[in-house]
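See below for the structure under consideration.
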Number of protein chains: 6
Amino acid sequence: MLITEIERFIEEDIGYNDISCTMVPDKMIDAVIFAKEDCTLAGLDEAKAIFDYFNIKAQTNYSNGDELHTGDIVFTLRANAVSVLRSERLVLNFLGHLSGIATITRRCVNLVRLYSTARVACTRKTTPGIRKFEKMAVVAGGGDPHRFNLSDAVMIKDNHIKMMGIETAIQAARCASFTQKIEIEVESTSNALLAAKMGADIIMLDNMDPAGIIRTIETLKHEGLRESVIIEASGGIVPDNISEYAKTGVDVISMGSLIHKANWTDMSLEISTDN
Amino acid sequence: MLITEIERFIEEDIGYNDISCTMVPDKMIDAVIFAKEDCTLAGLDEAKAIFDYFNIKAQTNYSNGDELHTGDIVFTLRANAVSVLRSERLVLNFLGHLSGIATITRRCVNLVRLYSTARVACTRKTTPGIRKFEKMAVVAGGGDPHRFNLSDAVMIKDNHIKMMGIETAIQAARCASFTQKIEIEVESTSNALLAAKMGADIIMLDNMDPAGIIRTIETLKHEGLRESVIIEASGGIVPDNISEYAKTGVDVISMGSLIHKANWTDMSLEISTDN
Amino acid sequence: MLITEIERFIEEDIGYNDISCTMVPDKMIDAVIFAKEDCTLAGLDEAKAIFDYFNIKAQTNYSNGDELHTGDIVFTLRANAVSVLRSERLVLNFLGHLSGIATITRRCVNLVRLYSTARVACTRKTTPGIRKFEKMAVVAGGGDPHRFNLSDAVMIKDNHIKMMGIETAIQAARCASFTQKIEIEVESTSNALLAAKMGADIIMLDNMDPAGIIRTIETLKHEGLRESVIIEASGGIVPDNISEYAKTGVDVISMGSLIHKANWTDMSLEISTDN
Amino acid sequence: MLITEIERFIEEDIGYNDISCTMVPDKMIDAVIFAKEDCTLAGLDEAKAIFDYFNIKAQTNYSNGDELHTGDIVFTLRANAVSVLRSERLVLNFLGHLSGIATITRRCVNLVRLYSTARVACTRKTTPGIRKFEKMAVVAGGGDPHRFNLSDAVMIKDNHIKMMGIETAIQAARCASFTQKIEIEVESTSNALLAAKMGADIIMLDNMDPAGIIRTIETLKHEGLRESVIIEASGGIVPDNISEYAKTGVDVISMGSLIHKANWTDMSLEISTDN
Amino acid sequence: MLITEIERFIEEDIGYNDISCTMVPDKMIDAVIFAKEDCTLAGLDEAKAIFDYFNIKAQTNYSNGDELHTGDIVFTLRANAVSVLRSERLVLNFLGHLSGIATITRRCVNLVRLYSTARVACTRKTTPGIRKFEKMAVVAGGGDPHRFNLSDAVMIKDNHIKMMGIETAIQAARCASFTQKIEIEVESTSNALLAAKMGADIIMLDNMDPAGIIRTIETLKHEGLRESVIIEASGGIVPDNISEYAKTGVDVISMGSLIHKANWTDMSLEISTDN
Amino acid sequence: MLITEIERFIEEDIGYNDISCTMVPDKMIDAVIFAKEDCTLAGLDEAKAIFDYFNIKAQTNYSNGDELHTGDIVFTLRANAVSVLRSERLVLNFLGHLSGIATITRRCVNLVRLYSTARVACTRKTTPGIRKFEKMAVVAGGGDPHRFNLSDAVMIKDNHIKMMGIETAIQAARCASFTQKIEIEVESTSNALLAAKMGADIIMLDNMDPAGIIRTIETLKHEGLRESVIIEASGGIVPDNISEYAKTGVDVISMGSLIHKANWTDMSLEISTDN
């Protein structure tokens with residue numbers, strides 16, 4: 001996290017006149033941050049960067065992706081009381097939000113592993129302003145971050161196809177740069193086949209049911225095109241139905257719901273002694 | 001939304017080389033944004049600001065807080081194709097995230113209204129970087145935004161009390177400025193009574209069960225202090241148990257879960273004609 | 001002061017090519033900052049933050065709000081000569097400007113204390129870009145910072161009343177959030193009474209002469225409403241007439257002139273030895 | 001004023017939740033800004049930039065530097081009520097602060113003109129963050145802005161001389177760039193003579209009394225060096241004693257007090273009709 | 001170009017007190033920008049964005065990538081004189097710098113086309129702060145922008161290999177995300193073969209002479225791995241020797257020299273009439 | 001270099017997900033940066049600031065302006081591997097670009113020194129966003145930075161003269177501020193003479209051939225005006241013809257080509273040991 005980012009977050013949470021923080025005695029305190037529910041941990045780097053900014057000595061025994069149980073102490077802190085109070089909410093908001101994302105991701109990855117080695121990926125449906133942190137939380141949970149923005153892979157979506165057609169779109173994308181993979185979103189087996197023939201690197205089967213996905217993969221195999229493409233299933237996939245997708249043989253299962261339906265993990269900061 | 005904010009969000013979503021957007025034909029298109037599930041709408045101002053930035057002509061028949069049904073068209077758009085594609089994900093992320101918050105808020109408000117006129121409020125547990133938008137989504141859903149940051153009301157929490165005691169804390173807060181209300185978080189009836197006597201404006205009963213809340217309110221009434229304070233219940237309140245709190249007679253029910261457990265509303269942008 | 005703020009101020013004062021600073025010998029020097037006139041000190045935190053940024057070792061025996069006499073040494077410094085010269089004007093501008101504000105504030109507070117415990121407060125009439133520092137200088141001088149911006153208390157002013165009427169305005173404000181006090185600006189006793197009945201938290205008597213203020217307070221007492229509101233006098237109050245307002249029994253005397261008519265305190269940096 | 005600057009000022013004054021502005025009826029209003037005391041006007045460009053940002057139609061019959069009398073209408077405005085209320089304080093703070101500076105500058109210039117064509121200049125003692133606006137206010141009042149920062153002229157001050165001596169300092173400065181004038185601050189006639197011989201472009205006689213200044217100028221004339229340098233008097237000059245300096249024959253009189261002792265001009269915004 | 005970017009560039013070029021611009025008469029003028037030497041044009045979008053910001057009406061008959069001859073008029077302008085003068089240098093710096101890059105790129109592309117369809121690409125050796133503009137200038141000249149930063153493709157370079165070995169590095173990269181191509185920099189045929197077997201998408205032959213490249217391609221063909229990888233030649237390639245690389249059969253020729261050795265195109269702005 | 005600047009450059013080069021950097025082992029490494037060709041060194045301060053930001057221990061035996069030979073080690077580094085890889089390209093881009101500028105500047109200065117003490121200066125034709133670094137590279141090479149932006153000296157150019165005439169322009173500029181030198185660009189001896197008579201400080205002979213320059217200087221001498229002005233030659237001067245200008249007796253030779261035709265110096269970072 002850049003210093004300019006940290007300061008923007010601090011301004012948001014503190015404002016101009018933080019009476020409650022400044023009225024406390026100016027002394028060193030000890031504190032802990034602990035989990036109030038089981039979770040997969042994420043957000044450690046963000047927390048550390050914020051503690052550093054405030055000159056708070058913070059120690060942890062955990063790494064991103066570790067499984068925590070209720071009561072586990074994530075950080076032990078030693079610092080000036082004012083600094084701890086100023087950092088508290090910001091750190092907890094990052095830890096709680098990002099661990100929530102890691103937790104649902106881990107759960108999905110575990111469900112998939114029963115049937116498949118497919119990757120579980122998020123999408124560009126992320127909270128404005130903190131995408132990179134959310135994607136790293138997905139990675140902490142064992143998932144794949146997928147592309148970060150419009151520039152790090154070419155994705156040809158329904159609206160592009162409507163305007164240009166599959167062939168033109170793929171050709172234009174290939175022209176643009178040899179460094180980026182070309183992903184295309186299709187809704188039918190025939191278009192998946194066409195895209196594979198045109199040389200797409202990744203074919204996303206959008207809103208296709210598991211049966212349709214299986215049929216599409218069979219068709220691609222039959223045409224000898226299965227190995228040259230990565231197959232991604234997407235659209236309406238949630239923990240409750242992810243197993244069905246895992247069984248289809250796709251390479252990637254991408255889910256907006258890793259972000260959309262993640263509930264924050266409850267964590268708390270407690271001043272353990274005040275001497 | 002400030003232009004500097006919009007540009008920060010755009011940089012995050014677009015990056016440096018958005019091949020997929022720039023390869024489409026340079027022509028005017030029509031498009032619609034529609035709801036794919038029922039929701040309480042929020043995020044209209046953010047969407048309009050983004051459309052303005054991109055010179056996209058956008059029309060809506062709705063206001064923040066309106067109830068939408070699956071299929072309702074939130075915006076009709078007319079603009080250059082590149083601009084629409086560049087704005088698409090950012091606008092949908094705001095609409096989806098904020099409408100999700102408004103939706104759960106409205107649901108809670110409606111549950112409370114069966115028993116009480118108590119306000120439903122969020123907290124400072126918000127996603128870093130977009131608090132003001134999330135709080136406005138709570139308002140769209142009929143809720144109260146609560147304080148925005150450490151500076152717009154004094155809140156004395158458990159950690160402050162541990163370091164200073166209730167009396168010292170309230171006195172320090174009163175000294176600081178006559179313009180801000182003083183809220184104090186207590187966990188027992190006796191401390192609630194002490195806080196009321198000391199002149200706190202708002203008493204937050206933290207993690208107190210409904211029976212305890214009722215007893216506390218009775219005690220305050222008995223001491224003639226009920227009218228001079230606002231009573232807020234907080235801690236572990238979710239839609240499933242909110243009715244029990246509504247029946248206690250508190251003035252405010254505050255819930256981190258309006259943000260933490262909000263699921264995004266699914267919305268989509270479709271290019272309706274491309275002529 | 002945030003690092004991003006410090007750097008903005010540095011860019012303003014230094015520009016791109018500070019020949020005069022860079023041509024001096026690269027060696028450690030000692031220097032002092034001293035007061036060239038009596039004052040109430042403010043700006044220590046800003047000065048320290050700037051010294052920190054430049055790796056200047058700075059020591060002071062004073063705290064914000066201390067009374068200084070001509071010749072008192074505010075800071076002793078030890079650092080690289082270039083750093084001292086680069087920080088000099090910026091630090092002196094903060095110390096001089098903010099101490100000037102603290103000094104006039106202290107003078108007003110002392111005048112009021114002869115007759116009353118009323119608070120002396122500033123307003124939102126502050127120099128664009130540095131409000132938070134100016135408000136803290138008022139606090140250093142013993143004053144109250146009043147609200148910091150449009151969001152940390154609701155103030156209903158003449159222009160609001162002209163458009164909405166007192167009742168509608170107060171009702172709208174009460175609806176908006178339970179966390180903020182509602183202040184209303186009135187120019188007559190009858191409106192003060194109306195505002196108190198409507199539940200305003202703070203009533204500002206705008207441009208009312210001391211006799212009018214006394215009459216208004218009497219009327220409120222008579223109606224049993226004096227205790228439930230904070231009474232603030234404002235408009236045209238300066239050190240020369242503040243005593244008359246102090247005698248009226250108001251709770252707060254607010255003065256744009258704490259900023260508007262503050263003269264800077266003269267301070268100087270002198271390199272004491274250059275070995 | 002840059003958009004990024006305007007937005008920073010707006011954030012400072014509005015914050016995140018401006019209830020008072022948003023609760024007013026959403027309609028077009030007319031308003032005026034008028035002077036509540038005589039002044040020399042400055043800040044028009046800043047006001048216009050802010051009005052533009054808020055889409056407020058603003059008209060004025062005045063230019064920066066015009067003399068205003070109590071009651072003169074500076075701007076007539078027509079716009080949405082919310083926008084007017086959001087811009088009000090920020091615009092008035094610029095107009096009031098900057099017109100105060102222009103007013104004292106004009107007064108000094110008029111005093112000087114009785115005896116001399118000397119320029120009246122400000123210094124780098126300006127309010128952090130808004131130097132360029134304050135310097136332009138000095139220009140509006142008929143003054144000279146002097147250098148803007150450490151990079152747009154070389155000024156050799158007492159602390160430089162203490163470390164390097166006059167000769168070395170001037171030589172180093174001349175080496176640095178041919179594009180910048182070299183100004184040197186001296187406190188004695190002999191050093192003024194030395195500086196002139198070394199080729200300084202501007203000699204600032206620091207804290208020298210009028211008699212000393214006259215003697216120094218005589219000496220320079222005697223040595224044939226008067227025409228090749230600009231002579232600037234500085235240090236402790238205020239309106240009350242400026243005439244004495246004007247009579248000495250200096251070319252420039254520079255005064256921190258144009259900023260330090262400027263009192264804001266009182267201006268007010270009034271909604272004239274609300275239909 | 002974002003508004004925040006434009007304003008940063010403007011601040012750099014204008015500073016706080018642009019006397020030369022503001023002293024000109026306030027009237028509308030016509031002006032032209034013309035080429036003073038033959039070039040391949042780039043920078044039109046940047047120029048237009050700057051003109052827009054200054055409300056300058058600008059027309060051009062050209063597109064990025066067009067071939068210009070000495071005297072060709074790139075833009076005709078109509079605007080207020082002050083605005084034209086303020087924008088002049090910034091626009092010319094973009095046009096001159098970027099057209100210089102497009103010109104050398106086009107020259108290289110033309111040389112390659114005599115023998116091959118290989119792409120000519122730049123690298124991450126770009127001027128700090130304006131990479132995206134420089135890469136787009138390469139595209140204007142017919143080149144490939146290559147990756148924009150460390151995040152939009154994985155490149156395994158000599159230093160990575162030294163620390164991890166080829167196998168470990170490629171495996172780690174494949175694990176990280178399915179959306180990014182993996183490029184590896186090798187200096188020998190045997191390592192190229194190993195990388196291809198490990199599934200690298202792009203193999204960069206670093207500092208390999210044309211004969212070595214030909215041998216390596218032959219070996220890959222012999223192993224049946226030529227079709228599955230993109231072969232990129234890099235290291236010390238300049239216009240004078242590019243033909244030798246074009247003849248080797250590589251897919252991509254990447255050259256830091258498209259930026260490093262680009263000379264600016266000379267362009268000029270001339271006020272054509274001033275009525 | 002400000003921290004906000006460093007972070008902007010880092011964001012540009014790293015992006016959101018630098019897989020290649022983060023996958024390397026987390027251990028301390030040693031590395032060196034060395035020159036791959038002879039050069040005049042510049043960019044040390046920028047490199048050090050970046051290393052500092054990344055907590056990289058960096059040592060150098062050189063100063064800006066030193067002559068380096070192929071193989072010379074500019075920096076020895078010791079740090080965490082990830083930090084070194086993250087800083088590598090950014091540091092090399094600064095060192096390579098700026099040393100290229102210093103190198104051509106030194107070459108020009110050496111050519112001039114054979115005949116003259118004239119300064120070699122750059123212009124405002126610099127790469128947008130990094131002018132201050134480029135100008136300092138010119139200084140490192142022994143050149144003069146010339147003015148940094150429109151505000152640190154007044155330059156009256158052809159377009160100003162076309163609109164205002166020489167006399168009006170110089171008078172307006174003299175009025176504006178006594179702190180800035182006035183430079184005027186002329187194309188004829190007669191205008192040079194007129195400008196000198198009007199009191200211009202610097203006369204730039206634009207696109208005048210050496211013979212014309214000699215004639216103009218003679219004319220000025222004849223009129224007794226040579227000593228009161230600085231004569232600058234500019235326009236089309238490159239290393240190949242600079243000697244001819246050096247012989248004319250001008251005071252300054254300014255060249256856009258110090259930036260425009262500078263080729264980057266090739267430098268490389270090598271991990272020397274990885275234990």
Side-chain angles (χ1 to χ4, degrees), chain E residues 8-9 12-21 23-25 29 31 81 84-86 88-90 92-94 96-97 100 124-132 148-152 154-160 162-164 169 172-173 176-177 180 256 259-261 263-264 269-271 274, chain F residues 8-9 12-21 23-25 29 31 81 84-86 88-90 92-94 96-97 100 124-132 148-152 154-160 162-164 169 172-173 176-177 180 256 259-261 263-264 269-271 274:
Chain E
R8 204 163 60 228
F9 293 130
E12 180 189 59
D13 189 50
I14 294 190
Y16 294 130
N17 186 30
D18 56 334
I19 292 169
S20 61
C21 294
M23 72 191 190
V24 302
I29 57 166
V84 171
L85 291 175
R86 282 187 172 155
E88 175 180 0
R89 179 53 30 221
L90 181 54
L92 292 179
N93 283 353
F94 268 111
H97 180 56
R124 267 170 61 236
K125 294 179 189 171
T126 57
T127 318
I130 57 165
R131 178 177 291 166
K132 68 177 171 184
F148 274 63
N149 56 42
L150 289 180
S151 300
D152 57 81
V154 185
M155 184 160 343
I156 299 165
K157 297 171 74 78
D158 54 346
N159 282 327
H160 298 91
K162 200 172 286 186
M163 281 186 284
M164 311 172 67
S177 178
Q180 300 192 314
I259 311 295
H260 292 182
K261 296 193 186 302
N263 292 340
W264 292 35
L269 183 151
E270 198 171 273
I271 295 182
D274 61 328
Chain F
R8 205 164 58 227
F9 294 131
E12 180 188 58
D13 190 50
I14 294 190
Y16 295 131
N17 186 31
D18 56 333
I19 292 169
S20 62
C21 294
M23 73 192 190
V24 300
I29 57 166
V84 172
L85 291 175
R86 283 188 170 154
E88 175 181 0
R89 178 53 31 220
L90 181 54
L92 292 179
N93 283 352
F94 267 111
H97 180 57
R124 267 169 62 236
K125 294 180 189 171
T126 57
T127 317
I130 56 165
R131 178 177 290 166
K132 69 177 171 184
F148 275 63
N149 56 42
L150 289 179
S151 300
D152 56 83
V154 185
M155 184 159 342
I156 298 165
K157 298 172 73 81
D158 55 347
N159 282 327
H160 299 91
K162 199 172 288 187
M163 282 186 283
M164 312 173 66
S177 178
Q180 299 191 315
I259 310 294
H260 292 182
K261 296 194 187 300
N263 292 339
W264 292 34
L269 183 151
E270 198 170 273
I271 295 183
D274 62 327

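Each chain gets a letter, A, B and so on, in the order its sequence line appears, and its residues count up from 1.
- Put simply, the side chain of Lys157(E) does not reach to within 4.5 Å of the side chain of Leu85(F), judged on heavy atoms.
- In terms of heavy-atom pairs under 4.5 angstrom with chain E, the leader among Lys132(F), Gln180(F), Lys125(F) is Lys125(F).
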Subject >> Full working for side chain to side chain contact (heavy atoms under 4.5 Å, CB included) between Lys261(E) and Asn263(F) >> reply: CA-CA 5 Å; Lys261(E) 296 193 186 302; Asn263(F) 292 339; 3.9 Å; yes
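- Counting heavy-atom pairs under 4.5 Å between each of Ile19(E), Asn159(E), Asp18(E) and chain F puts Asn159(E) at the top.
- Residues Cys21(E) and Leu150(F) are in side-chain contact: their nearest non-hydrogen atoms beyond the backbone lie under 4.5 Å apart.
- Salt-bridge annotation for Asp13(F) and Arg86(F): absent, with no side-chain N of the basic residue lying under 4.0 Å from a carboxylate O of the acidic one.
- Looking at heavy atoms from C-beta onward, Asn149(E) lies out of side-chain contact with Ile14(F) at the 4.5 angstrom threshold.
- Phe9(F) pairs by the ring-ring contact (aromatic ring centres under 6.0 Å, His included) definition with Phe94(F), not counting sequence neighbours.
- Looking at Ile130(F), the atoms closer than 4.5 Å to chain E (heavy atoms on both sides) sit in the backbone and in the side chain alike.
- In terms of heavy-atom pairs under 4.5 Å with chain F, the best-connected choice from Ser20(E), Ala172(E), Pro128(E) is Pro128(E).
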**OP:** Carefully, step by step, assess Asn93(F) and Arg89(F) under the rule side chain to side chain contact (heavy atoms under 4.5 Å, CB included).
**Re:** CA-CA 6 Å; Asn93(F) 283 352; Arg89(F) 178 53 31 220; 2.9 Å; yes
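- Heavy atoms closer than 4.5 Å to chain F are found in both the backbone and the side chain of Leu269(E).
- With respect to chain F, the highest number of heavy-atom pairs below 4.5 Å among Thr126(E), Val24(E), Val84(E) belongs to Thr126(E).
- Looking at Arg8(F), the atoms closer than 4.5 Å to chain E (heavy atoms on both sides) all sit in the side chain, from C-beta outward.
- Chain E forms the most heavy-atom pairs under 4.5 Å with one residue out of Arg124(F), Met23(F), His97(F), and that residue is Arg124(F).
- Contact count against chain E (heavy-atom pairs under 4.5 Å) is highest for Thr127(F) among Asp152(F), Thr127(F), Val154(F).
- For chain E, the option among Glu88(F), Met155(F), Arg131(F) with the highest count of heavy-atom pairs below 4.5 Å is Arg131(F).
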